[in-house]
Amino acid sequence: HDRFMFPLIGHTNRINAIVDGPTTDQIITLSNDCTLRLWTFKKTENGIDGECDLVMKFADPMSTCCYMEDRGLLFVAGWDRMIRAIDLNTCKIIKSWPASQEAIHTLAMYDNKIFAAGVDSIIRSWDMESGEMQMYDGHRSWVMTLAFKAKQPEEGSIGEETMHFMYSAGDDKNIFVWDLDTGKVVEQLIGHENTVTAMDFSGSDLITTGLDSMVLGWDLQEMYDRVEEKLEMWKQHLASLTFERHFEASKKKKGKKKKP
């Protein structure tokens, strides 16, 4: 039978998240015991062992985190609805802000923005440079997971730009696809019969799973084709409205009688 190499003993309640630490021999864990722990792997006479080098205590359970490697910042969030930025070089909290009306379940980094979602169903993002916040309102219940993917222009295409999409899913069984440039839902993927808990990409496919015990694969190229068709129809609609406004304005202008 396979055996684990060594136990990392210290947490006293459920562990909710684990991410790479600032060095290749470190990991970070968050738990319902209201602590963050930084573990370092060390070589010993018996092989490799792990030690807890840092414990940070909070007032409430910590649910999620994401690491901004280029700045050495770890963002953590949980039941107290706050996001905290921790400088792992000094092990100090350098910034914190209220980020939700309810508990936060998931954090993610994409395109120099930090995204937070959870119990109150609204996804929020903050630009790391300007601090500007944006809200994405569409789910009817908990948001459990977020994923991001860019669609590059096809080779040889002229005038097309890279499109950035966010995928969100959760307790309402729906998977929403958001255009990050407009903040609007451009597609809805329906197929799960219970809460969607995780998503990832495999090539050009989106893979999702949840409490219904199913793993579903979604062909993103088909979805991109549908989205592009919808966007083209919307552009034609806007062009038609613009033409009608100009035409009506021109008629009114010609209809006015000139004063003698």
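In this chain, residues are counted from 1 in sequence order.
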Say whether, by atom type as modelled, one donor and one acceptor occur between the side chain of [X] and the main chain of [Y] under 3.5 angstrom.
X      : Y      : answer
Ser96  : Ile83  : no
Thr35  : Val55  : no
Arg37  : Gly10  : yes
Asn32  : Asn16  : no
Thr106 : Ala117 : no

Are [X] and [Y] connected, step by step, through hydrophobic side chains (Ile, Leu, Val, Met, Phe, Trp, Tyr) whose heavy atoms are closer than 4.5 Å?
X      : Y      : answer
Met128 : Ile104 : yes
Ile28  : Ile93  : yes
Tyr167 : Trp218 : yes
Met223 : Met163 : yes
Leu74  : Phe58  : yes

Nearest heavy-atom neighbours spanning [X] and [Y]:
X      : Y      : value
Cys91  : Leu54  : SG-CD2, 3.6 Å
Cys34  : Ala59  : SG-O, 4.1 Å
Trp126 : Gly131 : CD1-O, 3.9 Å
Ala103 : Arg81  : N-CG, 3.9 Å

Any side-chain heavy-atom pair from [X] and [Y] closer than 4.5 angstrom?
X      : Y      : value
Leu38  : Pro22  : yes
Arg14  : Ser31  : no
Val76  : Leu30  : yes
Lys149 : Leu220 : yes
Val186 : Tyr224 : no
Arg84  : Met62  : yes

Return the set of residues passing salt bridge (Lys or Arg N to Asp or Glu O under 4.0 Å) with Lys151 (not counting sequence neighbours), or none when no residue passes. Glu228
Out of curiosity, [X] [atom1] to [Y] [atom2], how far, rounded to the nearest 0.5 Å?
X      : Y      : atom1 : atom2 : result
Ser168 : Ile122 : OG    : CD1   : 12.5 Å
Lys57  : Asp33  : NZ    : CG    : 9.5 Å
Asp219 : Leu206 : CG    : CG    : 10.5 Å
Asp137 : Arg124 : CG    : CZ    : 9.0 Å
Ile190 : Ile175 : CD1   : CD1   : 9.5 Å
Ile94  : Asp87  : CD1   : CG    : 5.5 Å

Working for side chain to side chain contact (heavy atoms under 4.5 Å, CB included), residues His11 and Thr29: CA-CA 9 Å; His11 284 297; Thr29 54; 2.7 Å; yes
Side-chain donor/acceptor pairs under 3.5 Å, residues 63-73, sequence neighbours excluded:
{"unit_1": "Thr64", "atom_1": "OG1", "unit_2": "Leu107", "atom_2": "N", "d": "3.1"}
{"unit_1": "Arg71", "atom_1": "NH2", "unit_2": "Glu129", "atom_2": "OE2", "d": "2.5"}

Would you tell me whether Asp25 and Thr40 have side-chain atoms, one donor and one acceptor, within less than 3.5 Å of each other? no
Without hydrogens or angle criteria, can the side chains of Ser121 and Trp142 be said to hold a donor-acceptor pair below 3.5 Å? no
Would the number of heavy atoms belonging to other residues, nucleotides or ligands and lying under 6.0 Å from NZ of Lys173 be above 12? no
By side-chain hydrogen bond (donor to acceptor under 3.5 Å, both in side chains), Glu51 pairs with (sequence neighbours left out) Lys42
Do any side-chain atoms of residues 198-205 form donor-acceptor pairs under 3.5 angstrom with protein atoms, and if so which ones, sequence neighbours left out?
none

In the hydrophobic cluster built from side-chain contacts under 4.5 Å, what are the other members alongside Phe148? Tyr110, Phe115, Ile123, Tyr136, Val143, Leu146, Met166, Phe176, Trp178, Leu180, Val185
Provide the full list of side-chain hydrogen bond (donor to acceptor under 3.5 Å, both in side chains) pairs with a residue in residues 184-199, sequence neighbours left out, each pair given once. Asp171-Thr195, Asn174-Gln188, Glu187-Arg226, Glu187-Lys230, His192-Thr208, His192-Asp212
